[in-house]
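For ligands, and for the atoms within them, numbers begin at 1 and follow the listed sequence. Numbering of residues begins at 1 and proceeds along the displayed sequence.
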Amino acid sequence: MGAHSDGMSTGITEGFSGAVGGTPLIRLHALSALTGCEILGKAEFMNPGGSVKDRAALGILQEAEASGQLKPGGTVVEGTAGNTGIGLTHLCNARGYRCLIVIPETQSAEKIGLLRSLGAEVRTVPAVPYSDPANYVRLSGRIAEETPGAVWANQFDNLANRRAHYGSTGPEIWQQTGGRLDAWVAATGTGGTYAGVALYLKEQDPRIRCVLADPCGSALYSWATDGTLKSEGNSITEGIGNSRVTANLEGAPIDDAVRIDDPMALRTIYGLLWQEGLFMGGSVGINVAAAVETARRLGPGHRIVTVLCDSGDRYRSRLYDPDWLAGRGLEQPQRTGTALIP
Ligand code: PMP
C-alpha cells in the first residue's frame with residue numbers, strides 16, 4: 001500500500017499520488033552471506049514513476065499547493081538529472097499542472113526520451129558547473145521567475161524534499177525493520193533522501209550510524225571526512241554527487257563516509273543482476289557497494305539499510321552497453337560462476 005493512501009488498509013490508493021511510497025525492503029542474500037551482515041535495500045525503483053524521486057516530487061508539490069503558491073493549471077519548473085523531472089511530470093499530469101524540465105544533455109537518452117514521452121516540456125542544456133549562471137539548476141530558477149503562474153520545485157534547496165523522506169521513507173524503514181538496524185547508507189544528489197531518513201532514524205535511535213556514500217568526481221566525501229569541498233576523478237553514475245552542500249544536506253548527521261569508484265559500482269550492479277535478479281541504475285552500485293564497505297567496517301552481525309534508487313532500464317544504452325563502457329575506459333563485468341563482488 002502506498003504511504004499516501006487513505007490509511008484504511010483497503011489496498012486502494014488515491015490515484016498516482018497515493019501509490020507513491022510503501023516500497024518493499026529487500027534482503028540482498030548474496031551480499032548478506034558475503035559480509036555476515038544483513039544488507040537490506042529499500043526498493044524505491046518500485047515507486048509508480050520508477051524512482052526514489054517520486055517521494056520528493058510529491059512532497060514538493062503538496063507543500064506548494066498547501067502554501068497557495070501552486071494554483072490549478074499552474075506550471076512546475078525544475079532543473080533535474082531526470083528522475084525528479086519524471087516524478088514531477090507524472091504528478092503534474094495527475095494533478096492538472098504543466099511541467100517544464102531543464103536537464104543537462106549529458107544525462108541518459110532513456111531519461112530524456114521518457115520525459116518527452118510523458119509530456120514534459122524539456123530543455124536540454126550543456127552541463128556546466130553550478131558557479132556558471134547557465135547551469136541547469138540556476139537556469140530553471142530563472143525560467144520559473146519569468147513564467148507567469150510558475151513555481152520552481154528547487155529540489156536542491158527546498159526542504160520540502162527532505163521532509164518528504166523524513167515523513168515517509170524514514171518511518172517506513174523504521175517500521176519494516178522493527179526498529180532493529182545498525183546503519184543507514186546512501187549517496188546524495190540533493191541530499192533529500194539521505195538527510196530526511198538520517199534525521200528521522202537518529203531521532204528514533206541515536207546509535208544508528210549514518211554513512212554518506214559518494215562517487216568519484218563529487219566533493220562530498222572530502223567534505224564529510226575533512227571538511228573541505230574537494231573533488232577527484234569522475235563518475236558515470238547519474239543523479240548523485242555534488243560540488244556543494246545543499247540546504248537539504250545541511251545539518252544532516254554524518255558518522256562516516258565511503259567513496260566508491262566506477263569499476264566497483266559496475267561490479268556491484270552486475271552482481272545484483274546476476275546474483276539477486278535486480279536490474280539497477282548506477283547510483284545503486286554506489287549505495288550497495290558502500291553498504292558492503294560499511295558491513296566490513298562494522299564487522300559481522302549488523303543490519304545495514306540502503307536505497308535501490310531506480311532501475312537499470314533507464315541506463316540500458318550506457319551501463320549495460322559494452323561499447324559505451326569501453327568508450328569510457330571501463331570493462332563490462334563478465335559473468336562467471338564465482339562471486340563478482342569482492
Ligand atoms: N539516485 C538517482 C538515480 C537519482 O536520480 C537521485 C536523485 N538525484 C539520487 C540517487 C539521489 O537522491 P537525492 O536527490 O534524494 O539525494
Side-chain angles (χ1 to χ4, degrees), residues 20-21 23 41-47 49-60 78-89 101-104 106-108 110-112 114-115 136-137 140 153-170 184-200 210-215 218 220 224 235-250 252 254 260 265 268-269 279-291 306-315 318-319:
V20 174
T23 54
K42 185 79 171 139
E44 292 303 293
F45 64 93
M46 290 175 71
N47 276 305
S51 88
V52 66
K53 299 302 306 205
D54 286 4
R55 295 188 195 252
L58 179 59
I60 288 168
E78 184 59 322
T80 161
N83 281 330
T84 303
I86 292 164
L88 281 173
T89 310
I101 296 300
V102 185
I103 183 167
T106 49
Q107 300 307 291
S108 80
E110 287 91 332
K111 286 191 292 189
I112 296 171
L114 179 55
L115 280 165
Y136 72 107
V137 174
S140 69
N154 189 20
Q155 56 170 332
F156 289 90
D157 296 309
N158 179 351
L159 295 181
N161 172 357
R162 85 179 187 195
R163 280 193 284 271
H165 292 285
Y166 179 88
S168 71
T169 326
W184 156 247
V185 181
T188 91
T190 64
T193 311
Y194 174 85
V197 173
L199 287 164
Y200 180 83
C210 295
V211 181
L212 188 144
D214 213 28
S218 168
L220 297 177
S235 175
I236 56 167
T237 59
E238 297 178 31
I240 53 170
N242 212 323
S243 59
R244 69 183 181 102
V245 179
T246 62
N248 275 296
L249 185 57
E250 191 75 57
I254 303 175
I260 301 293
T268 305
I269 56 167
F279 185 41
M280 297 287 94
S283 69
V284 178
I286 303 287
N287 282 351
V288 172
T306 190
V307 201
L308 311 177
C309 311
D310 68 357
S311 149
D313 215 24
R314 282 184 186 172
Y315 311 94
R318 295 189 163 195
L319 305 174

State which residues pass ring pair (Phe, Tyr, Trp, His ring centres under 6.0 Å) with Phe156; sequence neighbours excluded, sorted by chain then number. none

Would you please name every residue forming a salt bridge (Lys or Arg N to Asp or Glu O under 4.0 Å) with Glu238, sequence neighbours left out? Lys111, Arg318

Residues at least two apart in sequence or cross-chain that pass side-chain hydrogen bond (donor to acceptor under 3.5 Å, both in side chains) with Tyr166, listed by chain then number, are Glu203

Side chain proximity check, Leu115 to Thr89, heavy atoms < 4.5 angstrom: yes

Residue contacts for ligand 1, heavy atom to ligand atom, distance under 4.0 Å: Lys53, Asn83, Thr188, Gly189, Thr190, Gly191, Gly192, Thr193, Glu238, Gly239, Ile240, Ser283, Cys309, Asp310, Tyr315

I want to check something: taking the side chain as every heavy atom from C-beta on, are Asp214 and Leu212 in contact at a cut-off of under 4.5 Å? yes

Are Gln155 and Thr84 close enough, and set up right, to give a side chain to side chain donor-acceptor pair (under 3.5 Å), and what steps lead you there? CA-CA 8 Å; Gln155 56 170 332; Thr84 303; 2.6 Å; yes

